[in-house]
Protein chains: 2
Amino acid sequence: MKSKHVSIRDVAKHAGVSIATVSRVFNKTSFVSEELIEKVLTSAKELGYHPNRVAQSLRKGQTKTIGFLIPDIVNPFFSSMVKGAEDFLKSLGYIILLCSSSGDREKENELLVTLYSRKIDGLIAITLEENNPLIDSAISQKVPTILIDNVVNRPFVSCVASDNYGGVKKLMNYLIETGHSSFAFLSGDPIIYSAKERLKAFKDTVKGKDDFEFEILFGEYTYESGIEMVRKLSRIPDAVVCGNDMIAFGAMVELERQGFRIPQDVSVTGFDDILFSRMSQPPLTTVRQDAYLMGRAGAELLINAINEEIKNEVVLLETTLEIRGSTRERK
Amino acid sequence: MKSKHVSIRDVAKHAGVSIATVSRVFNKTSFVSEELIEKVLTSAKELGYHPNRVAQSLRKGQTKTIGFLIPDIVNPFFSSMVKGAEDFLKSLGYIILLCSSSGDREKENELLVTLYSRKIDGLIAITLEENNPLIDSAISQKVPTILIDNVVNRPFVSCVASDNYGGVKKLMNYLIETGHSSFAFLSGDPIIYSAKERLKAFKDTVKGKDDFEFEILFGEYTYESGIEMVRKLSRIPDAVVCGNDMIAFGAMVELERQGFRIPQDVSVTGFDDILFSRMSQPPLTTVRQDAYLMGRAGAELLINAINEEIKNEVVLLETTLEIRGSTRERK
DNA sequence: CTGTTAGCGCATTCAA
DNA sequence: TTGAATGCGCTAACAG
């Protein structure tokens with residue numbers, strides 16, 4: 001039965017040295033004789049001592065803690081980012097303070113205050129809206145901040161995102177090569193950076209070209225929204241290009257319900273390549289983006305920002321076209 | 001351009017009061033005259049002051065921080081638990097320190113040291129193995145600890161899990177009522193508490209009854225394992241009862257590949273009811289357990305343990321049978 | 001009702 | 001090489 005907290009003082013007394021020596025042994029901050037190192041380590045082990053990180057944080061002015069603000073931890077796309085970041089940060093002794101905003105902007109601001117008052121060394125945020133007030137908050141607090149899946153040009157803020165534009169371009173080129181000439185684009189909410197970029201790539205591909213017919217619908221990045229948008233389609237095109245995979249799943253279900261065969265009657269594509277995309281029937285042709293890597297890249301950027309004051313950088317990650325069974329190869 | 005950190009002393013000076021008064025205003029810990037409250041609040045706002053939680057933690061000996069140890073944050077089943085816990089804890093001013101163990105027991109221990117040295121007020125852990133060394137660790141540190149999806153009887157440790165046994169019982173009863181009499185059970189690794197319980201319920205139902213034929217295979221809670229186990233089946237039974245939904249998805253794909261129709265030729269069932277279970281073709285008959293609720297219940301238990309010293313309780317949550325298209329209704 | 005002060009556990013100066 | 005003393009920002013006695 002040990003006492004409640006064993007502090008550096010207990011170890012010092014037990015080892016017959018000063019607290020400064022104990023501190024030096026644990027921090028290797030200056031030379032201590034072998035003899036004393038031994039003594040201190042033995043005493044520490046015997047008492048079950050571990051340095052109190054709270055006290056260290058207060059003293060050193062850094063907490064080795066990173067705030068992570070995320071709309072929905074249950075979404076594997078977002079949680080993959082957390083994992084990517086965590087795996088990297090952990091190796092450097094950082095730990096993640098997790099905050100779910102649930103997309104609620106008011107909550108988001110409260111959470112930021114909490115995070116800042118807990119003296120996080122840096123912040124990684126996934127925000128749905130492209131222009132979010134938190135960005136200004138971050139700047140005024142001067143906490144190094146990384147935005148993932150969003151791109152802005154502001155001081156103290158770096159960004160990581162996939163090349164959404166390039167991804168959809170690749171996809172559209174493939175569809176055109178394989179003989180598709182009429183399209184529907186089922187967009188996510190264009191307040192979101194990624195949705196906007198994907199939409200832009202689609203428009204840039206088809207607009208003003210007489211060879212193509214197209215139609216654009218707006219919804220959300222959800223299964224239900226995919227179903228709904230298909231119902232609103234004025235006609236069924238060669239290819240239904242979806243803003244993300246969830247929309248595509250909804251679209252596929254609704255198209256089949258209406259009696260269309262995929263891909264014989266209509267091709268369907270997604271974006272993201274989530275786990276289930278290769279398991280659906282038919283497996284989904286989609287643009288693969290690596291959320292884990294985005295998280296990791298964000299964390300690396302953040303550590304740079306913390307250490308080297310590089311505070312305004314944008315990293316765009318490559319995407320890969322995954323051709324599967326939901327698109328036909330020839331008309 | 002403000003100075004780096006604004007402390008309670010800065011506010012006190014600016015407002016012309018003592019730091020104790022400032023503290024009292026923010027903590028409402030004793031009466032302060034309206035006049036001074038006003039002054040302090042104005043100064044605080046002007047300077048952008050927020051109490052430093054790190055200093056508070058050191059002083060008060062509590063961090064309002066909960067450690068959350070989880071095998072894989074990307075798995076929606078686990079992340080739902082995090083969400084459930086977080087939603088509740090947030091409302092009480094707690095925040096979550098997230099740690100992924102990746103199932104690595106060595107890492108798990110390192111992470112625990114980190115968590116303890118950061119003086120978490122409590123720990124919520126999802127551990128794969130039923131008997132995990134972390135449990136002893138938790139006991140020796142006297143940090144209130146909750147195990148989710150696992151049940152042990154130890155001091156300082158409370159547990160939350162679904163009624164896995166009852167769930168499989170319900171499921172088996174339904175299958176028997178609908179005329180199934182030969183079964184295969186595709187189990188997860190029985191080192192895991194839930195896998196063990198589900199297996200037990202299956203065995204208890206079919207064993208020693210001449211009416212039933214059955215076969216049991218062991219694998220993991222994964223899609224790939226489902227495929228593999230189906231390949232090892234000695235014959236195709238009336239119903240393939242899977243340890244969880246991921247196994248069921250693998251099983252369905254492999255059964256269909258082998259030319260069996262679901263549910264006409266063979267029924268397939270899962271456990272968990274993850275998001276995609278209702279989206280698969282055919283939609284999966286499964287036992288629904290509410291991961292979000294488990295997380296929330298765990299958090300509630302933890303707060304009780306922290307406040308009231310209730311430190312050894314087990315909560316078993318009800319499950320629901322979700323009958324969908326992957327099981328036939330009559331032979 | 002308000003101010004002064006001690007000390008939470010630690011890292012870091014400054015002396016020795 | 002080691003120890004004593006200071007203070008990080010704050011809360012909680014205690015005194016007035």
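Here is how names work: the chains are called A, B, and so on, in the same order as the sequence lines, proteins then strands, and each is numbered from 1.
The shortest side-chain heavy-atom distance between A/M81 and A/I126 falls under the 4.5 Å cut-off. A heavy-atom distance below 4.5 Å is not found between the side chains of B/H50 and A/Y116.
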If you apply the rule salt bridge (Lys or Arg N to Asp or Glu O under 4.0 Å), what do you find for B/K83 with A/D72, and how did you get there?
CA-CA 8 Å; B/K83 191 176 192 176; A/D72 179 15; 3.0 Å; yes
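Note: CZ (A/F26) to C1' (C/dG9) measures 13 Å, nearest angstrom. Rounded to an integer number of Å, the gap from A/I8 CD1 to C/dG7 C1' is 15 Å. Atom pair A/K64:NZ and C/dC10:P shows a separation of 18 Å (rounding to whole Å applied). Summarising the geometry, the separation between CZ on B/R53 and C1' on D/dG9 is reported as 14 Å, rounded to the nearest angstrom. Atom-to-atom, CD of B/E34 to P of C/dC1 comes out at 10 Å; the value is rounded to the nearest Å. In this structure, the CZ atom of B/R118 is 15 Å from the C1' atom of C/dC10, given to the nearest Å. Rounded to an integer number of Å, the gap from B/N52 CG to D/dG9 C1' is 6 Å. At whole-Å resolution of the value, CG in A/L47 and P in C/dG9 are 14 Å apart.
Residue A/V17 is classed as a sugar-phosphate contact, given heavy-atom separations below 4.0 Å to backbone atoms only.
Heavy-atom neighbours of A/Q62 CD from other residues, nucleotides or ligands within 6.0 Å: above the threshold of 12. For B/K64, the NZ atom is densely surrounded, since the number of other residues' heavy atoms within 6.0 Å is greater than 12.
Checking side-chain atoms of A/S158 against main-chain N and O of A/I146 turns up no donor-acceptor pair under 3.5 Å. The main-chain N or O of A/Y193 is never found under 3.5 Å from a side-chain atom of A/N150 such that the two would form a donor-acceptor pair.
The side chain of B/S7 places no N or O atom within less than 4.0 Å of a non-bridging phosphate oxygen (OP1 or OP2) of D/dC8.
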Strictly under 3.5 Å: I want the nitrogen or oxygen pairs between protein and nucleotides 12-16 of chain D, one per line.
| residue | atom | partner | partner atom | Å |
| --- | --- | --- | --- | --- |
| D/dA12 | O4' | B/R59 | NH2 | 3.4 |

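Here the closest heavy-atom approach between residue A/I306 and residue A/P144 is recorded as CG1-CG, 4.0 Å.
Place B/G16 and B/L58 on DNA chain C by their nearest nucleotides, and B/G16 ends up nearer the 5' end. Judged by closest nucleotide on DNA chain C, A/R9 is the one of A/R9 and A/Q56 placed further toward the 5' end.
Of the candidate nucleotides D/dC10, C/dG3, D/dA4, C/dG3 has the atom nearest to the side chain of B/T21.
Taking the ring centroids of A/F88 and A/Y94, they lie at or beyond the 6.0 Å cut-off.
In the helix from C/dC1-D/dG16 to C/dA16-D/dT1, the end axes, each obtained as the rotation axis mapping the C1' atoms of four pairs onto the next four within a five-pair block, lie 40° apart to the nearest 10 degrees.
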